[in-house]
Amino acid sequence: MKTLDSILTVADRYDAIVFDQWGVLHNGSAPYPHAVAAIEALAGAGVTLGVLSNSGKSAEINRDRIRGMGFPKSAFGPVMTSGEALKIDMRAGLLAQVEALYVISAKPEDAVQSVADMGVAQVEALQDADAVLLMGLPDGGDHAAERAVLREALALGKRLICSNPDRHSPRAGGVLVESPGALAHEYAEAGGEVLFYGKPHRPIFDALATQLGARRVLMVGDSPEHDIAGAKAAGWDSLFIKGGLHADEEPRTDLFAEIGLPDYFLPTLR
């Protein structure tokens, strides 16, 4: 694993560079100090840039979020999210017998828009749902209410679709919040059927690769479990950003014991 001074030193080795969002570009509230300048420099050099995010929301919503953080409108090419990948499959009819969803989300309006985009119905009663969609959680709290819903869903034998496999996500001030993946893994461990959409699972990498049309790809992320492991499985090189999910920890190679080291390391994107 080589420590870089700047991502610009290796940019010319790749046909495309793909970025995670939270922990790499921004913390949910503001961009990281040097991130905007780094993206501007890469875009100015003509590098093809993409985004691959474990967000349960659509690609367009996330593109608007990134722009709202101060990143150049034209910097990024394809944006692929786990929510977008799920929407593509739902609209293509690839999820058999899923016509009605019970949705767990951070905000009610997120659920309404996302389900409408998928072309299926949103129901208010668990027993009327073909599956439960876990796409988001409100920041903070112990999510006892959401866990109670999932216990009921498990008793009813409902399949769980998780469109954000992250277990935790960084926020401003070094705070980590629990994310949907934590509850989804609990559901699976309790014997429930879970269908994950997002990193590190191969389909989301393949979906973005198709849009990029690139052969040599570098994945930039802050999660060994999702970004680095997923990139390796897809045959991409990887750059680990320490300043996100693991910002408060000393550098640890044991984070990569099961997946192997990334190709490069940076404290923060610059």
Side-chain angles (χ1 to χ4, degrees), residues 20-24 28 52-57 80-87 89-90 95 98 101-106 110-111 114 126 129-171 175-205 207 219 221-234 238 240 244-249 252 254-260:
D20 177 37
Q21 274 198 83
W22 281 268
V24 175
L52 191 59
S53 174
N54 274 358
S55 168
K57 298 180 183 179
M80 179 57 64
T81 68
S82 45
E84 186 74 14
L86 173 59
K87 180 181 76 173
D89 281 3
M90 290 288 280
L95 274 70
V98 177
L101 291 170
Y102 182 96
V103 185
I104 299 173
S105 62
D110 293 344
S114 295
L126 271 173
D130 298 315
V132 176
L133 171 59
L134 176 56
M135 63 174 290
L137 295 171
D139 285 358
D142 59 5
H143 302 124
E146 291 83 3
R147 284 184 162 90
V149 169
L150 291 177
R151 284 195 296 272
E152 184 181 352
L154 184 65
L156 291 169
K158 299 296 183 181
R159 176 167 51 163
L160 179 65
I161 302 171
C162 179
S163 60
N164 182 346
D166 288 352
R167 300 174 192 252
H168 295 89
S169 184
R171 294 293 187 267
V175 173
L176 289 181
V177 299
E178 188 173 52
S179 295
L183 276 64
H185 281 283
E186 291 175 5
Y187 197 84
E189 289 164 4
E193 179 186 357
V194 181
L195 178 61
F196 286 100
Y197 269 80
K199 300 173 289 185
H201 306 284
R202 183 65 180 270
I204 193 173
F205 287 84
M219 177 76 217
D222 69 323
S223 169
E225 178 184 5
H226 300 110
D227 301 314
I228 308 305
K232 285 181 175 294
S238 59
F240 177 67
L245 193 61
H246 297 280
D248 292 334
E249 303 175 14
R252 295 164 45 201
D254 65 294
L255 290 171
F256 308 97
E258 295 185 4
I259 62 174

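Computed from a predicted structure; not experimentally measured. Side chains included, hydrogens not; waters and symmetry mates left out as well; all remaining heavy atoms used.
- The distance from atom CG of Asp166 to atom OG of Ser82, rounded to the nearest 0.5 Å, is 8.0 Å.
- Note: Asp227 CG to Lys199 NZ = 4.0 Å, rounded to the nearest 0.5 Å.
- With hydrogens and angles disregarded, no donor-acceptor distance shorter than 3.5 Å links the side chain of Arg159 to the backbone of Leu195.
- The shortest non-hydrogen separation linking Ala184 to Leu134 is N-CD2, 4.0 Å.
- Each of Leu101, Asn164, Leu86, Val103 was evaluated against Met135; a single residue qualifies, Val103, per the side chain to side chain contact (heavy atoms under 4.5 Å, CB included) test.
- Distance CD/Glu178 to OG/Ser169: 12.0 Å, rounded to 0.5 Å.
- Counting only heavy atoms from C-beta outward, the side chains of Pro203 and Tyr197 never approach each other to under 4.5 Å.
- For the pair Asp20 and Gly221, the tightest heavy-atom approach, listed with the atom from each and the gap, is CB-CA, 4.0 Å.
- In this structure the side chain of Lys158 never reaches within 4.5 angstrom of the side chain of Tyr102, judged on heavy atoms.
- In this structure, Pro200 and His226 approach most closely via the heavy-atom pair CD-CD2, 3.4 Å.
- Contact between Trp22 and Gly28 at its shortest, heavy atoms only, is NE1-CA, 3.3 Å.
- One distance of note links CD1 of Ile161 with CD1 of Ile104; it measures 12.0 Å at 0.5 Å rounding.
- Looking at heavy atoms from C-beta onward, Pro138 lies in side-chain contact with His143 at the 4.5 angstrom threshold.
- Remark: side-chain polar atoms of Ser179 are not paired, donor with acceptor, to backbone N or O of Gly181 under 3.5 angstrom.
- Interatomic distance, Arg167 CZ to Glu186 CD, rounded to the nearest 0.5 Å: 9.5 Å.
- Between His201 and Phe196 the shortest heavy-atom distance is NE2-CB, 3.3 Å.
- Met90 contributes atom CE, which lies 11.0 Å from atom OG of Ser114 (distance to the nearest 0.5 angstrom).
- Nearest heavy-atom pair, Ser163 versus Leu133, reported as atom, atom and distance to 0.1 Å: OG-CD1, 3.8 Å.
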